[in-house]
Number of protein chains: 2
Amino acid sequence: MLRLSKLTDYGTVIMTHMAREPERVCSAAELAVAIGVATPTASKILKTLARASLLQSVRGARGGYLLARPPAEISIAEVIDALEGPFGMTECSAVAGLCAQEGSCLLRANWQRVNQVIRLALNDLTVADMAQPVFQPANVGALRARPERMPG
Amino acid sequence: MLRLSKLTDYGTVIMTHMAREPERVCSAAELAVAIGVATPTASKILKTLARASLLQSVRGARGGYLLARPPAEISIAEVIDALEGPFGMTECSAVAGLCAQEGSCLLRANWQRVNQVIRLALNDLTVADMAQPVFQPANVGALRARPERMPG
DNA sequence: AACGAACGGGACTAAATTGGTTCTATATCA
DNA sequence: TGATATAGAACCAATTTAGTCCCGTTCGTT
């Protein structure tokens with residue numbers, strides 16, 4: 001459930017990769033090789049991330065991309081938002097007000113809440129966190145271990 | 001981002017609807033009218049929920065569906081799992097081990113963590129919670145208000 | 001016993017989404 | 001000036017999703 005698209009996955013891998021050397025300007029071709037996709041595909045993702053102001057682009061020869069902010073200040077939620085469109089687990093909560101069965105729409109308020117939890121959890125997880133090979137739960141407030149009711 | 005499929009959304013609406021009268025046997029046709037979809041569509045969802053043991057089916061004339069357990073003991077995570085397939089935000093974390101770019105797969109461990117947060121949050125939210133018009137945050141441990149870093 | 005209501009399961013079609021490529025224009029370094 | 005590299009849009013193919021239909025089975029009702 002809650003599967004992200006491939007492009008979004010690639011996007012997080014790219015951001016993580018770049019976070020390891022935040023100063024370096026990386027070209028689309030270089031990143032494509034690094035993460036194992038074709039250049040046009042990487043390029044498409046990079047353009048999207050740049051348009052969302054998560055990356056800064058450098059045009060011209062020896063150009064490429066650069067993290068727009070320190071990796072610790074870029075949350076995974078932002079990366080997902082950039083690549084996956086507007087937030088919202090259901091259509092209703094994403095684009096409020098155009099719901100066919102208004103009678104059942106008490107639900108929406110609850111979905112909004114669930115969305116919010118997820119968003120907060122992902123807001124607390126930064127690109128810098130992801131770049132660390134061993135991930136520090138302390139950095140991510142929402143990631144407390146809560147063992148109850150965890151089905152297979 | 002993290003958009004659920006329509007069917008899953010319908011599924012939660014159905015479960016919530018049924019939670020309001022847990023004793024009553026509801027036919028597919030009746031539920032279809034209640035939530036505003038065509039009968040075959042409702043039927044498809046109900047079959048899936050029954051196969052996942054979230055609903056109990058009653059065959060024959062005057063048959064229908066019934067919650068398999070008290071609504072407070074059915075989590076939203078289960079409903080989503082039933083309708084959306086195996087858990088996992090990326091392909092890698094859903095079906096471990098078949099990742100093209102193994103080098104970048106440090107990421108996977110982190111994604112797993114994120115998945116877990118989301119899952120725990122949704123595990124704590126039950127069908128009974130959703131059925132209440134005003135939703136009690138106290139019932140849902142993971143739903144603490146945490147105002148930091150909440151962009152547009 | 002026969003009829004009809006209702007579920008079980010699978011196959012199928014159409015529509016929407018996604019993944020990926022290509023092309024043209026623009027910017028910049030050497 | 002030429003090579004390199006991004007910007008942006010259009011486009012195609014493949015997958016996924018939504019929704020429908022059909023046939024078999026179960027079981028009240030008459």
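Note on naming: letters A, B, ... go to the chains in the order of the sequence lines (proteins, then strands), and numbering restarts at 1 for each one. Everything numeric here is computed off the predicted structure, so don't read it as measured data.
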Whole-Å distance separating the [atom1] atom of [X] from the [atom2] atom of [N]:
| X | N | atom1 | atom2 | result |
| --- | --- | --- | --- | --- |
| A:D9 | C:dT18 | CG | P | 15 Å |
| A:K6 | C:dG20 | NZ | P | 5 Å |
| A:R24 | D:dA5 | CZ | P | 13 Å |
| B:I35 | D:dA18 | CD1 | P | 13 Å |
| B:L49 | C:dG9 | CG | P | 13 Å |
| B:I45 | C:dG9 | CD1 | P | 16 Å |
| B:L83 | D:dT17 | CG | C1' | 13 Å |
| A:R51 | D:dA7 | CZ | P | 8 Å |

Check whether any side-chain heavy atom of [X] lies under 4.5 Å from a side-chain heavy atom of [Y], and answer yes or no.
| X | Y | answer |
| --- | --- | --- |
| A:E23 | A:M18 | no |
| A:Y65 | A:V25 | no |
| A:T8 | A:S5 | yes |

Side-chain N or O of [X] closer than 4.0 Å to phosphate OP1/OP2 of [N]:
| X | N | value |
| --- | --- | --- |
| A:T41 | C:dT21 | yes |
| B:S5 | D:dA18 | yes |
| A:Y10 | C:dG19 | no |

Go through the side-chain N and O atoms of B:E73 and B:T126 and say whether any donor and acceptor fall under 3.5 Å apart. no
Which residues satisfy the side chain to side chain contact (heavy atoms under 4.5 Å, CB included) test with A:E30, sequence neighbours excluded? A:R24, A:C26, A:S27
When you look at B:R119 and B:E78, which way does the salt bridge (Lys or Arg N to Asp or Glu O under 4.0 Å) test go after all the steps? CA-CA 10 Å; B:R119 164 165 290 267; B:E78 289 177 277; over 6 Å; no
Residue whose nearest DNA chain D nucleotide is more 5′ - A:A29 or A:K44: A:A29
Using residues 37-62 of chain B as the side-chain source, report each donor-acceptor pair under 3.5 Å to any protein atom, sequence neighbours left out, with the distance given to one decimal.
| residue | atom | partner | partner atom | Å |
| --- | --- | --- | --- | --- |
| B:T48 | OG1 | B:K44 | O | 3.0 |

Closest to the side chain of B:S27, out of C:dA6, C:dG8, D:dT20, is C:dA6
For DNA chain D, which residues in residues 53-70 of chain B have a heavy atom at a distance below 4.0 Å? B:R59, B:G60, B:A61, B:R62
